[in-house]
Protein chains: 2
Amino acid sequence: MKEAPNKCDCEKCDVKEMFYEHVEEQHIEVVCNIKIEKAFKKGDMIIEEGKPIESFIYLKSGLVKLFKHREDEKGQIIIIAKPFDFVNLLSVFSDTNYNYSVTALEDSVTCNLDLDYIKDMIRANGEFALSIMKKISKVSDTIILESLTVRKKNIHGRVAYILLFFADQIYEDKYFELPLNRREIAEFIGKTTENVIRTLSEFRKDGIIKIFGKFIEIVDKEKLQQISDFG
Amino acid sequence: MKEAPNKCDCEKCDVKEMFYEHVEEQHIEVVCNIKIEKAFKKGDMIIEEGKPIESFIYLKSGLVKLFKHREDEKGQIIIIAKPFDFVNLLSVFSDTNYNYSVTALEDSVTCNLDLDYIKDMIRANGEFALSIMKKISKVSDTIILESLTVRKKNIHGRVAYILLFFADQIYEDKYFELPLNRREIAEFIGKTTENVIRTLSEFRKDGIIKIFGKFIEIVDKEKLQQISDFG
DNA sequence: GTCATAGTATGATAAATATCATAACTTTAT
DNA sequence: ATAAAGTTATGATATTTATCATACTATGAC
């Protein structure tokens, strides 16, 4: 992890837009000055469960996973966050310490703003407050409703769902490199590693996907969608 | 459902406290005047999936369930909300329509505030905004983290967990009437009705609980806790 | 009351998934 | 280059859970 020079030059940054829309010019400059960018290598720990929440963290580039660590047993992945998602979406405003960890699945850069400063901005600017609430609620909603969606699927449905998630929402390509190993996919969908592997093999045998190690090519997307929807 | 006279006399109302702490006297009076109390009978629909979100709804008394309706299949219960929990915690600030329903499990009374009015208050008062965010985030966090907790348990663990949930968090008594039938418990923990019934029977045979129809008495709480923790 | 309906209960069986075992293949460290 | 460790893969088996079938019980409508 290393710190990078500060600039407010990211396109598509919702936070910046919120500021531009609702905050006066001189405050924006302050934000751009106090924000700290941090670069992480694949596998690096970005947030550690139990540590105090001191920053408002936003993903500028890369890909990260939020997960709960489990002593003996296997962990549980809560969500995969992509650029311009909040990284510390949970607990930021409701708790003092993180109750989940975040690590980088790919080389990633985060934007970090002092949480007290953001809180001051919220206090000072209700319109900004409303924008932040909207954004944060949206993320929580998505997690809750998607977890319900996944919960009712069998393992075929869940694996199909994950493959389509990466193809459509993350990489926007039917050919991509899985950022998770099979064990992590299992932790994400709540099934065992062996059965994830088995299911991928079955999809391969049925000609629905091609597997080259961590690289996946979706051959019959319609079929995969069908398995995801009805599985 | 019937409307009741408006008063701001509820003890323990977080919303009122938020107002008292952060809003000027004259505004509080306005809130108390515009708020509408609605009474619902057990089984009544409070919020219907798909309908527009127009109010900020707070549970004053009773017990409700939030759930997603599923056409053909069985539904899915998202959470049981008790008094002073927000009822429309999800989507209030992030969506225009409800994507879940709420019904009364017991006779219930809700406090309804015009959502646009609350939004105006948030815009006008950042400190109030921060209080609301804190409260809403807390509820979302709880749902997400508890669903992860439940997800890793087998059916014995899940049923034990639910029984302890009602005993400890809702009724604060080892003897209570289940507000859900067996099918609904199944919808809550994501298992089949038959297996919920079977598990309850096993707990009864093992002398862990006593069953009198919908009434449950927890006999060996320590054992039940153990099953919940390690099951 | 009694009829219909929903809810509770239990057993038998089928299906899904986990666990255990083993091996080939990859990556990492030395 | 090689050993060690981790990952992917597959089969055999055990366990868990769902499904199907069938009663029995409670509840509400008439």
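Naming: A, B, ... by sequence-line order, numbering from 1 per chain. What you see is a predicted model; the values in this text were computed from it and never measured.
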Notebook entry, point to check: If you count the non-hydrogen atoms of other residues, nucleotides and ligands that lie under 6.0 Å from NZ in B:Lys51, is the total more than 12?
Noted result: no
Next item on the list: Assess whether side chain to side chain contact (heavy atoms under 4.5 Å, CB included) is satisfied between A:Phe86 and A:Val92, documenting all intermediate values.
Entry: CA-CA 10 Å; A:Phe86 287 102; A:Val92 203; over 6 Å; no
Show every donor-acceptor pair shorter than 3.5 Å between a side-chain atom in residues 195-208 of chain B and any protein atom, with sequence neighbours excluded, or say none if there are none.
residue: B:Asn195; atom: OD1; partner: B:Arg198; partner atom: NE; Å: 3.2
residue: B:Asn195; atom: ND2; partner: B:Thr192; partner atom: OG1; Å: 3.1
residue: B:Thr199; atom: OG1; partner: B:Asn195; partner atom: O; Å: 2.6
residue: B:Ser201; atom: OG; partner: B:Ile197; partner atom: O; Å: 3.1
residue: B:Glu202; atom: OE1; partner: B:His156; partner atom: NE2; Å: 2.7

Next item on the list: Report the distance from atom CZ of A:Arg183 to atom C1' of D:dA9, rounded to the nearest whole Å.
Entry: 16 Å
Margin query: Can you measure A:Lys152 atom NZ to C:dA16 atom P for me and round it to whole angstrom units?
Written below: 17 Å
Notebook entry, point to check: What is the distance from NZ of A:Lys191 to P of D:dT8, rounded to the nearest Å?
Noted result: 20 Å
Under-3.5 Å N/O pairs linking protein and nucleotides 23-30 of chain D:
none

Next item on the list: Please report, rounded to the nearest Å, how far the C1' atom of D:dG6 is from the NZ atom of A:Lys214.
Entry: 11 Å
Next item on the list: Evaluate the side chain to side chain contact (heavy atoms under 4.5 Å, CB included) criterion for residues B:Lys221 and B:Leu164: first the C-alpha distance (whole Å), next the side-chain angles of each, then the deciding distance (0.1 Å), finally the verdict.
Entry: CA-CA 8 Å; B:Lys221 189 162 175 181; B:Leu164 290 168; 3.9 Å; yes
For nucleotides 9-12 of chain C, list the nitrogen or oxygen atoms of the protein found under 3.5 Å from its nitrogen or oxygen atoms, one pair per line.
residue: C:dA9; atom: OP2; partner: B:Arg182; partner atom: NE; Å: 3.3
residue: C:dA9; atom: OP2; partner: B:Arg182; partner atom: NH2; Å: 3.3
residue: C:dT10; atom: OP1; partner: B:Arg204; partner atom: NH2; Å: 3.4
residue: C:dT10; atom: OP2; partner: B:Ser201; partner atom: OG; Å: 2.4
residue: C:dG11; atom: N7; partner: B:Arg198; partner atom: NH1; Å: 2.9
residue: C:dG11; atom: O6; partner: B:Arg198; partner atom: NH2; Å: 3.3

Next item on the list: Determine whether more than 12 heavy atoms belonging to other residues, nucleotides or ligands lie under 6.0 Å from atom NZ of B:Lys214.
Entry: yes
Next item on the list: Go through the steps for A:Ile162 and A:Leu180 under the test side chain to side chain contact (heavy atoms under 4.5 Å, CB included), then give the verdict.
Entry: CA-CA 11 Å; A:Ile162 285 295; A:Leu180 304 176; 5.7 Å; no
Note to self: Looking at B:Asp107 and B:Lys42, is there a salt bridge between them, counting it only when a charged N and a carboxylate O are closer than 4.0 Å?
What the structure shows: no
Notebook entry, point to check: Can you check the B:Glu187 CD to D:dA18 C1' distance for me, whole Å?
Noted result: 16 Å
Note to self: Can you measure A:Leu178 atom CG to D:dT8 atom C1' for me and round it to whole angstrom units?
What the structure shows: 12 Å
Next item on the list: Have a look at B:Lys68 and tell me which of B:Glu187, B:Gln76, B:Glu49 forms a side chain to side chain donor-acceptor pair (under 3.5 Å) with it.
Entry: B:Glu49
Notebook entry, point to check: Going through the distances and angles, do A:Phe67 and A:Thr103 end up as a side chain to side chain contact (heavy atoms under 4.5 Å, CB included)?
Noted result: CA-CA 8 Å; A:Phe67 65 102; A:Thr103 60; 3.7 Å; yes
Note to self: Between P on D:dT16 and CD1 on A:Ile155, what's the gap in Å once rounded to a whole number?
What the structure shows: 18 Å
Next item on the list: Could you check how far CD1 of A:Ile189 sits from C1' of C:dA18, rounded to whole Å?
Entry: 13 Å
Margin query: Nearest to the side chain of A:Asn181, heavy atoms from C-beta on, is which of D:dT17, D:dT19, D:dT8?
Written below: D:dT8
